[in-house]
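Heads up: the structure comes next, in structure tokens.
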Amino acid sequence: MDWKVLQGFLSGVNKYSTAFGRIWLSVVFVFRVLIFVVAAERVWSDEQGHFDCNTRQPGCTNICYNHFFPISHIRLWALQLVFITCPSFMVVLHVAYREERERKYRAKHGENTRLYDNPGQKHGGLWWTYLMSLFIKTGFEITFLYLLHYIYDSFKLPRKVQCDVSPCPNLVDCYVSRPTEKTVFSYFMVGASVLCVVLNICEIFYMIATRVVNRKQHGSIRIASRKVRPEVDCDACKSSHAE
């Protein structure tokens, strides 16, 4: 998989993100994608070839490996990285839609007219799109963490597993290659995923809190403007009466 293409797409999201979103993007690429590409893929490169069972029964080793590892950690993490980054494209597409509307509006009404103050500003529909992308990313993160724990029953890889699945002649012992090193990487990737969940939740609360504060400020400005108008009219009445 060419992760540079994904990085190029997500770099466009960075300029529309909040501070929490920029931190999230840095964590994804530095502590997840980079570790995944540089180290994790090499650690799991020999997972099936060095999965050894104490029997020479044809097919027993392959069946036991498939029984205990129905999907590789590497492939599951690759799917997770793709799923959690795709919702960010919703924001980019929404901004592109706004920019296209802005272009058509100026072409119709003149270059000095504007439909949006800033197409990338998070207000109106774009605010909801951004918030929805955060909820979707958080949902994907939690779902994949649950799947990882459910499939392997733990984030820790065992040194030895016992298998009696056909065509194995009896209960056989199978040994996992480099279980300690793989366990370390598993905990690291899980920790990075949990950190991304925390950042997403913080950004959700930040977005909602900012929205509420802005609403209150606009409401107070409107109330103040309504109070000032009668005073101006009253002064005009007094001056006309004096004349």
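- One hydrophobic cluster holds both Val37 and Met189 under the rule that ILVMFWY side chains link at heavy-atom gaps under 4.5 Å.
- The two residues Gln57 and Pro167 have their closest heavy-atom pair at CG-O, 3.2 Å.
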Please assess Val82 against Cys86 for the test side chain to side chain contact (heavy atoms under 4.5 Å, CB included), listing each intermediate value before the final yes or no. CA-CA 6 Å; Val82 170; Cys86 281; 4.0 Å; yes
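- Under the 4.5 Å side-chain heavy-atom criterion for grouping Ile, Leu, Val, Met, Phe, Trp and Tyr, Leu34 is not connected to Leu79 through any hydrophobic cluster.
- Between the CD1 atom of Ile136 and the CG atom of Asn200 there is a distance of 11.5 Å, given to the nearest 0.5 Å.
- In this structure, the side chains of Trp24 and Lys137 come closer than 4.5 Å at one or more pairs of heavy atoms.
- Note: the hydrophobic cluster containing Phe36 does not contain Val184 (ILVMFWY, side chain heavy atoms under 4.5 Å, direct or indirect links).
- Here the CD1-SG distance, from Ile142 to Cys196, works out to 12.0 Å after rounding to the nearest 0.5 Å.
- Taken together, Cys163 and Cys53 fail the criterion of an SG-SG distance shorter than 2.5 Å.
- Atoms CD and CG, from Gln80 and Leu145 in turn, are 6.0 Å apart once rounded to the nearest 0.5 Å.
- Put simply, the side chain of Trp44 reaches to within 4.5 Å of the side chain of Trp77, judged on heavy atoms.
- Annotation: side chain of Phe155 is in contact with side chain of Leu148 (closest heavy-atom distance under 4.5 Å).
- Proximity of Ile63 to Ser166: side-chain heavy atoms (C-beta onward) are nowhere separated by under 4.5 Å.
- Other residues, nucleotides and ligands contribute only 12 or fewer heavy atoms inside 6.0 Å of the CZ atom of Phe205.
- Under a hydrophobic-cluster definition in which Ile, Leu, Val, Met, Phe, Trp and Tyr are linked whenever side-chain heavy atoms come within less than 4.5 Å, directly or via other members, Leu93 and Val91 are assigned to different clusters.
- For the pair Phe185/Ile35, a side-chain contact is recorded, criterion being any heavy-atom separation below 4.5 Å from C-beta on.
- In summary, the side chains of Thr61 and Arg56 do not present any donor paired with an acceptor at a separation below 3.5 Å, with no hydrogens or angles considered.
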Under the side chain to side chain contact (heavy atoms under 4.5 Å, CB included) criterion, do Phe51 and Val161 qualify, and how do the steps go? CA-CA 10 Å; Phe51 184 80; Val161 294; 4.0 Å; yes
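- At least one side-chain heavy atom of Val176 sits less than 4.5 Å from a side-chain heavy atom of Phe69.
- Side chain of Asn66 to main chain of Asn62: no donor-acceptor pair is present (N/O by atom type, distance under 3.5 Å, no hydrogens or angles).
- Considering all non-hydrogen atoms of both residues, Cys64 and Val172 come closest at SG-CG2, 4.3 Å.
- Between the side chain of Arg159 and the main chain of Pro179, no donor-acceptor pair closer than 3.5 Å is present.
- Residues Met207 and Phe20 have side chains not in contact (no heavy-atom distance under 4.5 Å, counting atoms from C-beta outward).
- Counting heavy atoms from C-beta on, the side chains of Lys104 and Arg101 never come closer than 4.5 Å.
- Remark: the backbone N or O of Leu157 is paired with a side-chain donor or acceptor of Thr183 at under 3.5 angstrom.
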For salt bridge (Lys or Arg N to Asp or Glu O under 4.0 Å), just list the numbers for Arg32 and Glu141, CA-CA rounded to whole Å, side-chain angles, deciding distance to a tenth of an Å, and then say yes or no. CA-CA 13 Å; Arg32 299 181 71 173; Glu141 291 277 19; 2.7 Å; yes
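- Between the CE atom in Met90 and the OG1 atom in Thr129 there is a gap of 6.0 Å [rounded to 0.5 Å].
- In this structure, the side chain of Ser186 engages the main chain of Lys182 through a donor-acceptor pair within 3.5 Å.
- Counting non-hydrogen atoms of other residues, nucleotides and ligands closer than 6.0 Å to CH2 of Trp128 gives a total of 12 or fewer.
- Phe188 and Val197 are not part of a single hydrophobic cluster, where members link through side-chain heavy atoms under 4.5 Å apart.
- Closest of all the heavy-atom pairs between Tyr130 and Thr18 is OH-N, 3.4 Å.
- Between His94 and Tyr97, the angle of the ring planes goes over 60°, which puts this pair in the perpendicular group of the 30/60° scheme.
- The salt bridge (Lys or Arg N to Asp or Glu O under 4.0 Å) analysis of residues 190-214, with sequence neighbours excluded, yields no pairs.
- Atom CG in Leu25 sits 11.0 Å away from atom CG in Leu199 (nearest 0.5 Å).
- How far OG1 of Thr210 is from CH2 of Trp127: 9.5 Å, rounded to the nearest 0.5 Å.
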Steps toward ring-ring contact (aromatic ring centres under 6.0 Å, His included) verdict (Phe144, Phe83): CA-CA 10 Å; Phe144 275 96; Phe83 272 86; 5.7 Å; yes
